[in-house]
Student: 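Handing you a structure now.
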Amino acid sequence: MVDRIHGETKLWESFIKGETAAFEEVYRRYYSLLYSYGIRMVGDRELVADTIQNLFVKLILNCRNLHYTDNVKAYLLCSFRNKLLDAFQSLRPMEVIEECHEFFPMGEEIINSLFKKDDVDVKNERRLAKAISRLSGRQREILYLYYVKELNHQEISAILGMNPQSSKNLLSRTLARLREFFFSVSTIWIFSILVHCVHVPVRCVWAFHFS
């Protein structure tokens with residue numbers, strides 16, 4: 001972990017010095033991350049690809065004015081998210097993207113991240129999928145960032161423009177809302193993470209128990 005962070009830091013230092021090799025490496029290393037995130041946000045492949053290109057052109061042209069960071073991934077995701085939101089808003093000025101149904105739609109990767117790998121209860125998976133689809137775009141986004149991309153609250157808070165405690169609170173409220181949507185009167189679900197989610201280790205396994 002320390003070596004990875006040190007490697008990112010050195011790479012970013014080279015980037016802001018204007019070294020061509022660093023430009024190429026940052027683009028190669030983070031393109032797929034930005035692309036998959038962008039597709040989750042807006043679903044428009046051409047818009048996502050164009051926004052990534054525009055972001056890197058801007059970063060390269062202004063490299064010597066960029067700030068030092070010890071978390072390149074979070075910095076790029078935050079910059080890209082803001083640029084993509086602006087691009088989307090310019091195309092659809094009458095819409096608020098986070099209120100759009102297609103903003104962070106529920107997908108199999110989220111479901112697979114929430115269930116134990118040996119859980120074969122298709123019925124419960126479908127119920128969870130339906131529950132996630134009822135969450136707001138912002139709530140689906142934090143589930144994606146935390147459970148699929150495995151970012152910590154420090155990184156998520158930088159991306160979403162909030163402090164780490166607000167990120168924890170948003171996740172806690174999202175899980176509570178998810179439980180509300182999932183449960184029926186006749187179902188009892190022991191879901192301890194909803195009570196202790198801000199205290200357990202990151203990426204703990206969600207336990208599902210039905211009677």
Side-chain angles (χ1 to χ4, degrees), residues 8 11-12 15-16 18 20-67 69 71-114 129-162 166-167 170-171 174 177-178:
E8 286 188 350
L11 177 60
W12 191 248
F15 189 99
I16 61 181
T20 302
F23 295 159
E24 296 174 351
E25 178 60 20
V26 169
Y27 184 86
R28 183 197 65 78
R29 186 178 299 187
Y30 296 104
Y31 182 90
S32 61
L33 173 68
L34 298 177
Y35 186 81
S36 63
Y37 184 53
I39 290 298
R40 276 287 170 193
M41 286 181 65
V42 300
D44 186 327
R45 296 179 183 277
E46 184 176 352
L47 179 62
V48 170
D50 288 346
T51 303
I52 295 175
Q53 297 295 333
N54 293 337
L55 172 65
F56 274 96
V57 168
K58 181 178 179 180
L59 290 175
I60 290 171
L61 291 178
N62 297 281
C63 63
R64 297 187 184 278
N65 296 320
L66 298 177
H67 298 295
T69 179
N71 195 324
V72 180
K73 178 169 63 175
Y75 178 87
L76 291 176
L77 282 170
C78 179
S79 300
F80 172 66
R81 183 182 190 275
N82 292 336
K83 201 165 187 63
L84 186 57
L85 288 176
D86 288 342
F88 180 91
Q89 206 67 56
S90 67
L91 294 175
R92 297 160 71 171
M94 303 303 293
E95 297 184 45
V96 178
I97 185 172
E98 292 182 2
E99 296 178 1
C100 295
H101 180 70
E102 62 265 33
F103 184 72
F104 274 90
M106 185 282 307
E108 286 186 6
E109 57 189 321
I110 291 181
I111 299 299
N112 292 336
S113 296
L114 302 186
K130 185 175 293 186
I132 291 178
S133 70
R134 295 178 63 188
L135 296 173
S136 69
R138 185 79 153 183
Q139 290 170 331
R140 292 194 298 269
E141 183 174 17
I142 196 167
L143 287 180
Y144 177 78
L145 292 173
Y146 190 82
Y147 288 102
V148 178
K149 291 306 181 183
E150 299 188 342
L151 303 183
N152 59 46
H153 286 293
Q154 193 71 38
E155 294 170 320
I156 293 172
S157 64
I159 295 167
L160 300 184
M162 59 178 64
S166 294
S167 175
L170 175 59
L171 180 61
T174 298
R177 194 67 169 162
L178 185 59

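Residue indices begin at 1 and follow the sequence shown. The figures here come from the full heavy-atom set of this structure, side chains too, leaving out hydrogens, waters and symmetry mates.
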Student: Would you confirm whether Glu150, through its side chain, and Tyr147, through its main-chain N or O, come within 3.5 Å as a donor-acceptor pair?
Tutor: no

Student: Please test Leu160 against Ser167 for side chain to side chain contact (heavy atoms under 4.5 Å, CB included), starting from the C-alpha separation and ending with a verdict.
Tutor: CA-CA 8 Å; Leu160 300 184; Ser167 175; 5.7 Å; no

Student: Parallel, tilted or perpendicular, judged at 30° and 60°: which one describes the rings of Phe23 and Phe15?
Tutor: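 Phe23 vs Phe15 ring planes: perpendicular.
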
Student: When you compare the side chain of Arg29 with that of Leu11, does any pair of heavy atoms fall below 4.5 Å?
Tutor: yes

Student: Any side-chain to backbone donor/acceptor pair from Trp12 onto Asn71? Under 3.5 Å, distance only.
Tutor: no

Student: Does atom CD (Glu25) have a neighbourhood of more than 12 heavy atoms from anything else shown, all under 6.0 Å?
Tutor: yes

Student: Closer than 3.5 angstrom, by distance alone: can the side chain of Glu24 be matched with the main-chain N or O of Ala21 as a donor-acceptor pair?
Tutor: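 Absent.
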
Student: Between Lys149 and Glu141, is there a salt bridge with N-O shorter than 4.0 Å?
Tutor: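 Looking at Glu141 and Lys149, the cut-off is not met.
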
Student: Could you check if a side-chain atom of Glu155 sits within less than 4.5 angstrom of a side-chain atom of Leu77, using non-hydrogen atoms only?
Tutor: no

Student: Can you find a heavy atom in the side chain of Asp44 that is under 4.5 Å from one in the side chain of Phe88?
Tutor: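 Answer no - side chains too far apart.
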
Student: Would you mind reporting whether Tyr30 and Glu8 have side-chain heavy atoms less than 4.5 Å apart?
Tutor: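 Of all side-chain heavy-atom pairs linking Tyr30 with Glu8, at least one is under 4.5 Å.
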
Student: Are His67 and Tyr75 close enough that their ring centres sit under 6.0 Å apart?
Tutor: no

Student: Closer than 3.5 angstrom, by distance alone: can the side chain of Arg140 be matched with the main-chain N or O of Leu135 as a donor-acceptor pair?
Tutor: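 Between the backbone of Leu135 and the side chain of Arg140 there is a qualifying donor-acceptor contact (under 3.5 Å).
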
Student: Are the side chains of Tyr37 and Ser32 in contact, using a 4.5 Å heavy-atom criterion?
Tutor: no

Student: Which is it for Gln53 and Tyr27 under the side-chain hydrogen bond (donor to acceptor under 3.5 Å, both in side chains) test, yes or no, and what are the steps along the way?
Tutor: CA-CA 9 Å; Gln53 297 295 333; Tyr27 184 86; 2.6 Å; yes

Student: Is there side-chain contact between Lys73 and Leu151, with at least one heavy-atom pair below 4.5 Å?
Tutor: yes

Student: Going by heavy atoms in the side chains, are Leu76 and Leu59 under 4.5 Å from each other?
Tutor: yes

Student: Could you check if a side-chain atom of Ile156 sits within less than 4.5 angstrom of a side-chain atom of Leu170, using non-hydrogen atoms only?
Tutor: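 The answer is no; the side chains never approach within 4.5 Å.
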
Student: If you measure from CD1 on Ile52 to CG on Leu34, what distance do you get to the nearest 0.5 Å?
Tutor: 5.0 Å

